[in-house]
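Within every chain, numbering begins at 1; the chains are lettered A, B, ... in the order of the sequence lines, protein sequences first and strands thereafter. The shown structure was predicted, so the numbers you read here are calculated from the model rather than taken from an experiment.
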Amino acid sequence: MSVLTRTPTPLGRTRISRLQGKARYAPTLATVGLFLAMFAIGAGMYPGFLSGQVFLNLLIDNTFLIVLAVGMTFVILTGGIDLSVGSVVALSMMIAAALLQAGWNPFVVIALVLLTGATFGLLMGLVIQVFEIQPFIVTLAGLFLARGLCYVISVDSITVTDPFFTAMAQARIPLAEKLFVSPGVVIALVVVAVAFYVLHQTRFGRTVYAIGGGESSALLMGLAVPRTKVLVYGISGLCSAIGGILFSFYSLSGYSLAATGMELDAIAAVVVGGTLLTGGYGYVLGSLAGVLILGIVQTFISYEGTLSSWWTRIVIGALLLAFILLQKLFSRKVKLA
Amino acid sequence: MNEIVPVVDMSGISIEFPGVKALDAVDLRLFQGEVHALMGENGAGKSTLIKALTGVYPIDSGTITVLGATHRFSSPAEAQAARISTVYQEVNLCPNLSVEENILLGREPRRRGGIHWKEVRRKAREVLDQLQLGHIDPGSVLSTHSIAIQQLIAIARSVQVDAKVLILDEPTSSLDADEVQQLFTVIRTLRDRGVAILFVSHFLEQVYEISDRMTVLRNGRLVGEYRTRELPRMGLISKMIGKEMDALAELERAESRRQPGRQDEAPVLQAQDLGRKGSVRDVTIALHAGEILGLAGLLGSGRTETARLLFGADRADQGHLSIDGTAQTFRSPRTAINRGIAFSSENRKEEGLIGDLSVRDNLVLAMQASKGWLRRVPRSTQDQLAEKFIRTLDIRPANKDALIRNLSGGNQQKVLLARWLITNPRLLILDEPTRGIDIGAKTQIQKLISSLAADGMSIIFISAELEEVLRLSDHIAILKDRQMVGHIPNDGVTMEDVMTIIAGTPA
Amino acid sequence: MNALLKHRLTWPVLALVLLLLLNQLFRSDFLSVRVQDGHLYGSLIDILRNGAPTILIALGMTLVIASRGIDLSVGAVAAIAGAVSCTYIYNSPDPSSLRTAAGGVAIAVVAGLVLGLWNGFLVSVIGIQPIIATLVLMTAGRGLAQLVTDGQIISVSNDSYQAIGAGFFLGLPISILIAAAAFGVAGLLTRRTALGTLIEAVGINPVASRLAGLSARSIIWTVYVFSGLCAAIAGLMISSNVTAADANNAGLYIEMDAILAVVIGGTSLAGGRYSLVGTLVGALIIQTLTTTVYTLGIPPEVTLVFKALVVIIVCLLQSSKARDLLRQRRRPVAKQSDVKVAV
Ligand SMILES: Nc1ncnc2c1ncn2[C@@H]1O[C@H](COP(=O)(O)OP(=O)(O)OP(=O)(O)O)[C@@H](O)[C@H]1O
Ligand SMILES: [Mg+2]
């Protein structure tokens with residue numbers, strides 16, 4: 001046997017580990033930093049950009065995306081993915097619009113929509129967990145199914161005239177002089193706060209991270225892996241339903257083709273926010289910043305005004321890329337420093 | 001010892017995997033306040049038995065009784081609820097989370113308003129201190145620590161709970177002597193408190209030091225249950241391998257020294273002050289054909305890092321490296337391999353195995369990689385090579401189509417070793433090649449290393465077992481605090497000599 | 001028998017046969033193939049012909065997925081390929097000649113290769129996660145295609161060009177022949193050489209592969225280039241079939257169909273082991289599904305619902321877990337070692 005004795009203190013080791021511990025936050029910090037930088041660039045380029053309301057409008061215009069990104073963060077943290085969110089948003093809007101049109105009480109409608117969304121997610125989660133089918137496929141089927149159900153409800157768009165919904169659409173909550181937000185913003189931020197709490201202060205939340213770090217390890221550590229994995233999709237479904245309601249507040253209609261491709265926006269926002277698609281690393285606050293970044297890109301484009309629709313697509317793609325590259329560069333620097 | 005009712009009583013346990021009967025009517029009894037060793041060769045079924053007990057694998061037949069109640073755990077969580085705490089063979093923690101979380105995951109102390117993080121830290125500190133790991137920052141991320149530290153943290157997790165049964169599957173495979181002693185102190189304390197402990201190790205000294213009784217398995221079958229002090233080592237070994245082993249005496253004898261390497265020719269590998277920021281520095285080595293260089297040093301002293309630099313797995317940013325006298329900069333392992341260097345990593349799960357491929361595919365991978373994808377190694381050659389190495393290294397099951405992830409740990413290691421031997425490298429770097437390998441296989445590998453060197457291959461040998469390093473090497477390079485502090489020829493060097501150098505050089 | 005039940009292609013093939021029989025039940029001439037003017041006609045031929053672009057793209061996708069990646073940009077690449085070739089033909093002095101058609105095809109193929117190189121560069125050199133790296137081109141790609149066509153639908157009339165999607169050779173539709181050739185090439189390329197195993201190795205454990213001396217970078221690059229190439233040829237087929245380039249709608253959602261085909265064919269999205277034959281069967285299932293919707297007269301509103309259900313059922317049939325549950329046989333709750341490497 002060896003007679004090696006313990007090193008008094010492996011100095012180098014602890015120093016390195018502390019540094020790398022901080023590097024965990026690097027991608028998220030990079031996102032926040034770059035968001036600020038982009039805001040500053042916008043301020044330099046366009047007069048009137050640097051105003052509180054421009055920032056608040058970013059929130060107002062993206063409430064539903066924020067909520068979707070929160071749900072998506074849970075799923076991606078476990079190493080999964082949920083492609084169904086855009087369709088579930090549309091389905092929620094259709095259900096809400098159809099029921100409201102039929103004269104249902106708006107609160108009952110909202111409750112029902114949330115229940116439907118959560119159930120839809122849970123069912124997908126169950127299929128994923130029990131039958132071990134890949135999330136990408138199950139939720140892709142979920143995408144088709146929810147979109148299909150939209151058409152079954154109605155092929156045409158349905159306008160929402162319910163007084164509560166219209167009130168929510170028009171309501172403005174003043175913050176300061178000439179600064180206001182919509183009720184949707186409050187709801188979205190509450191969702192973010194709750195998600196943050198759940199992820200960092202509950203055993204469930206820590207299990208989400210643990211699964212992302214290594215599912216079989218988490219299982220061997222005796223964590224409630226199956227339950228958590230199912231719940232995560234339930235949460236994403238619930239968030240999609242909330243997103244659908246918020247989108248209804250925003251657009252006052254239900255339309256089968258609404259929110260097409262929004263799942264990709266949500267995924268992009270989460271990734272831009274520093275969450276790794278392989279799971280285990282990332283924060284909801286990062287995802288919030290990610291949504292704001294995508295929003296600011298849209299704002300740039302609307303400020304530019306003259307872009308043809310194809311240039312818009314190209315610019316969005318290019319900015320997405322530029323952003324990811326910058327973030328990569330930035331977080332690598334932090335790691336080396 | 002308390003002979004009344006066993007805490008754990010497994011009887012007639014059988015488990016069959018596709019193609020292998022991993023366990024065949026095996027019994028195991030654990031009593032309160034004993035340390036029980038589970039012994040057997042690689043692939044004997046030790047880990048499988050443990051996984052059967054703790055609900056990872058469902059059993060095909062047999063009964064499991066824990067504290068008088070019959071159980072069929074269907075998940076590790078249920079086993080834990082029955083107060084069985086387990087450290088599995090491979091480190092099974094979450095690399096993305098902090099040390100403290102890994103210790104307390106799933107049982108974090110809570111208060112109103114969520115997890116009580118201060119308390120988490122306090123409890124983590126407490127158990128780390130208990131294992132003399134006070135220097136580890138509980139807030140640091142797990143993946144920043146070496147395998148050995150991770151192993152210790154897994155142990156910390158298992159002893160942190162108030163368990164009735166503690167199961168340790170090869171907990172000492174990457175620990176150094178001092179850490180082993182530290183662990184044993186903890187084990188003894190727990191034993192005296194009445195915990196039943198199941199211990200697996202391939203180190204006989206450890207087994208004889210710590211265990212009271214032992215159960216021996218062979219090829220998935222029960223050989224018997226013995227009192228440790230009534231079963232001499234030779235008896236144990238022959239029970240494990242199933243035949244009397246004279247060769248074993250030979251094992252314990254020191255290796256006869258080989259011819260010295262060919263010093264007259266230019267060194268195969270020469271490194272001058274090689275280093276990398278944040279990794280190691282001052283690596284100076286000259287290695288001739290047919291020489292074995294041992295790397296000695298404490299845990300975390302930079303042994304693995306040195307190997308990675310020489311192999312191009314990490315890029316050096318200081319110093320020079322030359323092969324056969326021509327200067328080289330290795331940008332990737334590929335360039336190193338093309339110069340005839342091979343490296344077998346200590347982290348076989350993450351850096352070695354291609355889990356879902358067969359033994360054959362894994363065996364020929366490095367050779368295929370160096371040939372390029374266009375020139376496929378013909379199937380017949382693949383089969384020949386696979387059969388040859390399965391035979392020479394006694395890889396079990398002897399099935400070249402088995403998925404490598406289904407092999408036992410020791411057999412996986414042999415496959416990885418063979419992967420490099422096939423490429424017939426000029427310099428073979430072996431990082432902990434004998435870890436987790438049973439005693440027979442270990443001698444085999446040591447002999448193999450000697451004979452490879454005799455045939456002219458240069459070898460860099462890394463092991464936490466200094467004895468092994470001293471027995472095999474022609475030269476010894478000594479590392480300390482991520483710096484090379486000495487390089488001595490092995491002419492009767494003793495462990496004390498090495499320790500003096502490590503202790504003596506100021507960092 | 002048991003081995004047959006366990007084979008990973010058994011269930012997909014069974015599903016395909018069932019779907020075909022279902023069609024036959026509703027239309028008795030469904031399975032018959034006629035010869036007319038020396039050309040083969042019939043629903044089966046239609047399925048193959050209409051499915052050719054999906055088959056092609058799914059082939060490329062299989063290798064990308066085996067390497068632990070994914071390529072969302074294939075639909076956009078197909079649109080770009082159609083756009084550049086049609087625009088070239090449209091603007092050339094001799095828009096109906098064979099030479100012009102060849103030129104258009106060449107340009108499209110080059111475009112596909114370049115775009116594949118681009119994706120491969122982002123994934124293997126820069127190290128961006130594949131979903132995001134290819135999302136960039138998915139988003140921007142249709143914009144690029146529109147830029148090429150100036151937002152118009154470019155119609156061309158060139159017999160040679162039209163032959164790619166609608167022509168016949170030796171009695172068989174040319175698009176089927178192209179898909180078959182691509183399938184053969186991919187099969188030979190990956191199984192006759194070591195490429196297939198190396199792709200699998202990289203997909204299963206990239207870190208270990210690198211340490212074993214694999215040039216993971218060039219392998220990953222190769223699969224994306226191949227995927228780009230397949231997408232470009234598929235784009236040519238699509239535009240040739242309608243003799244026009246529609247930047248907005250050509251190949252829309254084909255990436256999802258291709259991914260479905262790959263998975264139904266038994267290749268795991270987690271990378272590693274793959275099956276080209278499985279992908280072929282998967283693509284045929286997807287295409288037959290579309291045909292079935294018409295045959296059965298399913299109202300268009302529920303088409304998507306129908307598709308979702310069939311996909312789920314096929315995946316369930318294939319999932320060994322589901323079959324175990326049916327047979328009440330329990331399996332290990334955890335794999336012995338899940339190799340997991342953060343990217
Ligand atoms: N999940 C599995 N699927 C198929 N075969 C398996 C599986 N797990 C283990 N085996 C086989 O069962 C046998 C026993 O393996 P086990 O891991 O229990 O050995 P062990 O005694 O722990 O060996 P070691 O000392 O090398 O760790 C081996 O032949 C192994 O290949
Ligand atoms: Mg074992």
Side-chain angles (χ1 to χ4, degrees), chain A residues 1-25 77 79 196-228 275-276 278-282 335-337, chain B residues 56 75-77 79-81 86 88 91-98 101-102 105-108 110 113-115 132 135-137 139-141 143-146 149 157 176-180 182 203 205-206 278 296-301 463-468 480-482 495-496 499 502 507:
Chain A
M1 272 314 302
S2 100
V3 293
L4 295 190
T5 40
R6 149 149 306 286
T7 349
T9 16
L11 253 181
R13 174 67 71 184
T14 33
R15 216 176 42 232
I16 288 171
S17 72
R18 201 161 304 145
L19 234 161
Q20 291 184 346
K22 289 220 180 80
R24 251 198 307 185
Y25 305 110
L77 277 176
F196 183 83
Y197 173 81
V198 169
L199 280 176
H200 296 280
Q201 289 295 332
T202 67
R203 287 185 185 172
F204 168 79
R206 301 323 291 168
T207 307
V208 168
Y209 278 92
I211 293 175
E215 187 173 332
S216 62
S217 294
L219 203 66
L220 290 179
M221 286 163 105
L223 302 179
V225 173
R227 192 184 65 199
T228 308
T275 299
L276 277 191
T278 39
Y281 298 88
K335 233 172 254 173
L336 289 179
Chain B
V56 180
S75 74
Q80 284 178 23
T86 315
Y88 295 94
V91 174
N92 277 293
L93 297 174
C94 294
N96 58 327
L97 298 179
S98 65
E101 273 199 83
N102 270 295
L105 212 51
R107 43 176 191 255
E108 298 93 339
R110 287 179 289 194
I115 295 172
Q132 303 267 308
H135 60 278
I136 291 177
D137 174 8
S140 57
V141 180
S143 62
T144 61
H145 296 286
S146 67
I149 300 281
R157 174 180 171 83
D176 63 35
D178 240 41
E179 287 158 332
V180 171
Q182 213 52 60
F203 297 108
E205 289 83 353
Q206 294 178 4
L298 307 172
L299 240 163
S301 58
S463 169
E465 276 179 84
L466 187 49
E467 250 184 4
E468 198 180 30
K480 178 182 182 181
D481 290 345
R482 296 168 168 263
M495 291 197 242
E496 285 70 26
M499 293 320 298
I502 291 180

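With sequence neighbours left out, A:R203 forms a salt bridge (Lys or Arg N to Asp or Glu O under 4.0 Å) with B:E108. When the ring-ring contact (aromatic ring centres under 6.0 Å, His included) test is applied to A:F196, the partners found at least two apart in sequence or on another chain are A:H200.
A 4.5 Å side-chain heavy-atom check between B:L93 and A:S217 finds every atom pair outside the cut-off.
A:G280 approaches B:N96 most closely through the heavy-atom pair O-ND2, 2.8 Å. Taking each heavy atom of A:Y281 and B:S143 in turn, the nearest pair found is OH-OG, 4.5 Å. Of all non-hydrogen atoms in A:Y209 and B:L97, the two that sit nearest each other are CB-CD2, 3.7 Å. Contact between B:A77 and A:G222 at its shortest, heavy atoms only, is CB-O, 3.4 Å. Closest non-hydrogen pair, A:M221 versus B:N92, comes out as CG-O, 3.6 Å.
Between the SG atom of B:C94 and the CG atom of A:L223 there is a distance of 7.0 Å, given to the nearest 0.5 Å. Atoms CD1 and CD, from B:I115 and A:Q201 in turn, are 6.0 Å apart once rounded to the nearest 0.5 Å. We find the OG-CZ distance between B:S98 and A:R206 to be 7.5 Å, quoted to the nearest 0.5 Å.
When heavy atoms are compared at a cutoff of 4.5 Å, A:F204 does not approach chain B at all. Of the two parts of A:T202, only the backbone, made up of N, CA, C and O, holds a non-hydrogen atom closer than 4.5 Å to a non-hydrogen atom of chain B.
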